[in-house]
Amino acid sequence: MKFQDLPALDDKLAMMDELARRFAERASAADEENRFVYENIEDLKQSGYTSLTVPAEYGGQDISLYEMVRLQEKIAEGDGSTSLSIGWHMGIMKNLAEKKMWEEGLFAHICGEVLNGALLNGASTERQTGSPTRGGKPQTTAKLEGGEWIISGRKTFTTMSPVLDYFIVSAAIADSDDKAGFLVPRKVAGLHIEETWDSIAMRGSGSHDLVLDKVRIPKHYLVERFDKGSRRANGWLLHIPACYMGIAQAAQSYAVSFAKSYSPNSIEGSIIDLPNVQQKIGEMELELMSVRTFLYEVARRWDESSDDERERLSPALGAVKLKVTNTAIHVVDLAMRVVGARSLSAANPLQRYYRDVRAGLHNPPMDDTTIQLLARHASDRHDG
Ligand SMILES: Cc1cc2nc3c(=O)[nH]c(=O)nc-3n(C[C@H](O)[C@H](O)[C@H](O)COP(=O)(O)OP(=O)(O)OC[C@H]3O[C@@H](n4cnc5c(N)ncnc54)[C@H](O)[C@@H]3O)c2cc1C
């Protein structure tokens with residue numbers, strides 16, 4: 001059975017739930033060994049999931065942003081690293097399909113590759129720039145020579161690097177002030193992955209360094225120019241809050257199940273009936289319910305909007321990412337308080353959720369940028 005055989009979202013979610021249970025069984029060992037979760041990505045490929053955001057005209061399913069968010073959240077209930085990893089690929093394909101930024105022939109070729117299992121992600125971060133959302137100039141350079149681009153540099157945080165087939169690399173164009181994105185296939189001379197990922201969060205995401213040493217790619221693999229003021233609303237980035245939502249849900253589920261079964265001999269029955277525990281479980285439920293509603297609502301609005309209307313959704317997209325990720329951190333904290341000191345045991349999944357969920361703060365857009373955007377938004381609305 002493949003996702004392609006299941007038109008209804010509920011059926012897709014049920015199938016993803018089964019996969020997520022498998023991912024949950026592998027998560028602890030992968031985290032302990034700081035090992036990329038190859039098996040999970042392979043399962044997702046075999047299930048047909050990785051081509052669901054390819055447009056229907058190129059043989060894909062063209063799933064909506066709402067569907068993508070729901071499925072990504074479900075993956076994260078099993079394993080956050082897997083959700084964040086495959087989320088970049090799913091979201092990028094969705095974004096390319098919606099914005100039609102690439103030359104048609106090249107996009108059609110990549111869609112064909114993705115139908116055959118190829119995976120892609122953006123490699124935009126560098127040590128010298130920090131988050132690319134801050135506007136720093138990449139130290140990675142691209143020089144046109146003999147009809148080919150020659151690219152050199154080093155990218156950090158290249159999530160899913162162990163299995164990527166294509167990297168979308170940002171680079172400064174030599175002898176100019178221009179920046180652009182380049183499609184770099186994995187199988188080119190001069191490209192290698194340096195296994196630098198030593199983070200305590202999202203250890204299974206393989207977010208290593210990508211090193212490019214005079215890599216040569218065809219001229220038309222310059223896929224996007226980053227002009228000043230060319231930033232556009234990015235609905236696809238909702239895969240990020242979906243991921244942290246899923247981790248928070250997993251934490252709450254664990255805490256509830258623990259509270260139902262833990263029966264210290266100071267009380268009759270289990271701690272689930274104690275007012276102090278119910279207070280925390282109820283608070284978690286309230287938090288999850290409110291951010292989930294916010295997340296789904298913004299995803300649906302994106303799906304129902306025209307291109308012009310989507311550009312006006314940036315404040316809501318930023319707000320939902322900020323709210324979900326910060327709430328997810330709070331929910332994991334509450335779950336740990338319910339479970340008590342056992343939550344700090346290396347064998348307990350909550351300590352992994354605690355580390356993983358913090359990564360959300362350092363995925364785009366950053367909180368301070370969002371707050372500034374919201375302040376401008378509020379102020380613009382009251383102009384005059
Ligand atoms: C798990 C994970 C996976 C990731 N996957 C990818 C990926 O696949 N591809 C990719 O390209 N990137 C990826 N990233 C990188 C991510 O998008 C950020 O680029 C990275 O986390 C660095 O962000 P930062 O805010 O920590 O760094 P910095 O931008 O260096 O910021 C560090 C501190 O300095 C402050 N600061 C720096 N510059 C400014 C400024 N101009 N204005 C105001 N404050 C500033 C920040 O507020 C912050 O406090 C990933 C990150 C994580 C954590």
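Computed from a predicted structure; not experimentally measured. All ligand and atom numbering here is 1-based and tracks the order in the structure.
- Of all the heavy atoms of Asn363, the ones lying under 4.0 Å from any atom of ligand 1 belong exclusively to the side chain.
- When non-hydrogen atoms are compared, ligand 1 lies under 4.0 Å from the side chain of Met366 (C-beta onward) but not from its backbone.
- With ligand atoms numbered from 1 in the order given, ligand 1 contributes 28 (P), 29 (O), 30 (O) to contacts under 4.0 Å with heavy atoms of Gly130.
- Every N/O-N/O distance between Met202 and ligand 1 stays at or above 3.5 Å.
- For Arg301 and Tyr66, the positive end is not near the middle of the six-membered ring at less than 6.0 Å and at most 45° from its axis.
- Distances below 4.0 Å separate heavy atoms of Thr125 from the following atoms of ligand 1: 10 (C), 11 (O), 12 (N), 13 (C), 15 (C), 16 (C), 17 (O), 18 (C), 19 (O).
- The aromatic rings of His239 and Trp236 lie parallel to each other, their planes meeting at an angle below 30°, with 60° marking the opposite boundary.
- With ligand atoms numbered from 1 in the order given, ligand 1 contributes 19 (O) to contacts under 4.0 Å with heavy atoms of Pro132.
- Not a single heavy atom of Ser205 lies less than 4.0 angstrom from ligand 1.
- Here the heavy atom of the protein found nearest to atom 16 (C) of ligand 1 is His362 O, 3.3 Å.
- There is a protein heavy atom less than 4.0 angstrom from atom 46 (C) of ligand 1.
- There is a protein heavy atom closer than 4.0 angstrom to atom 14 (N) of ligand 1.
- For CZ of Arg21, the number of neighbouring non-hydrogen atoms (other residues, nucleotides, ligands) closer than 6.0 Å is 12 at most.
- For atom 32 (C) of ligand 1, no protein heavy-atom neighbour is found at a distance under 4.0 Å.
- Looking at ligand 1, you'll find an N or O of Ser131 within less than 3.5 Å of one of its N or O atoms.
- The contact set between ligand 1 and Pro364, taken as ligand atoms under 4.0 Å from a residue heavy atom, comprises 17 (O).
- Close contacts between ligand 1 and Thr159 involve ligand atoms 3 (C), 4 (C), 5 (N), 6 (C), 7 (C), 8 (O) [criterion: under 4.0 Å to a heavy atom].
- The shortest distance between side-chain heavy atoms of Asp43 and Arg26 falls below 4.5 Å.
- In terms of heavy-atom proximity, Val338 sits nearest to Ala255 at CG1-O, 3.9 Å.
- At the top of the distance list for atom 42 (N) of ligand 1, counting protein heavy atoms only, stands Arg134 NH1, 3.7 Å.
- Val331 is not connected to Leu322 by any chain of hydrophobic side-chain contacts under 4.5 Å among Ile, Leu, Val, Met, Phe, Trp and Tyr, and they are in different clusters.
- The nearest protein heavy atom to atom 49 (O) of ligand 1 is not closer than 4.0 Å.
- Close approach of ligand 1 to Asn121 is summarised as follows: ligand atoms under 4.0 Å from at least one heavy atom of the residue are 7 (C), 8 (O).
- Shown here, atom 35 (C) of ligand 1 is out of close reach of the protein: none of its heavy atoms lies under 4.0 Å off.
- The two residues Ser51 and Leu115 make their nearest non-hydrogen contact at CB-CD2, 3.6 Å.
- When the side chains of ILVMFWY residues are joined at heavy-atom separations under 4.5 Å, either directly or via intervening members, Val357 and Met366 end up in two distinct hydrophobic clusters.
- Proximity of atom 25 (O) of ligand 1 to the protein is indicated by at least one non-hydrogen atom lying closer than 4.0 angstrom.
- Side-chain rings of Trp149 and Phe182 approach one another, their centers coming within less than 6.0 Å.
- Residues Met1 and Leu13 fall within the same hydrophobic cluster, defined by Ile, Leu, Val, Met, Phe, Trp and Tyr side chains chained together at heavy-atom separations under 4.5 Å.
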### Query
Stepwise, does the side-chain hydrogen bond (donor to acceptor under 3.5 Å, both in side chains) test hold for Ser81 with Ser205?
CA-CA 5 Å; Ser81 287; Ser205 70; 4.9 Å; no

#### Entry: Pair Glu77-Lys74, salt bridge (Lys or Arg N to Asp or Glu O under 4.0 Å): steps then yes or no
CA-CA 5 Å; Glu77 283 181 39; Lys74 190 51 85 184; 3.5 Å; yes

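- Sparse packing is recorded around CD of Glu195, with 12 or fewer heavy atoms of other residues, nucleotides or ligands lying under 6.0 Å away.
- Shown in contact with Gly122 at under 4.0 Å from a heavy atom are these atoms of ligand 1, numbered in order with element: 7 (C), 8 (O), 9 (N), 10 (C), 11 (O).
- Counting only heavy atoms of the protein, atom 7 (C) of ligand 1 lies nearest to Phe157 O, 2.8 Å.
- Atom 10 (C) of ligand 1 is flagged as protein-proximal [any protein heavy atom, distance under 4.0 Å].
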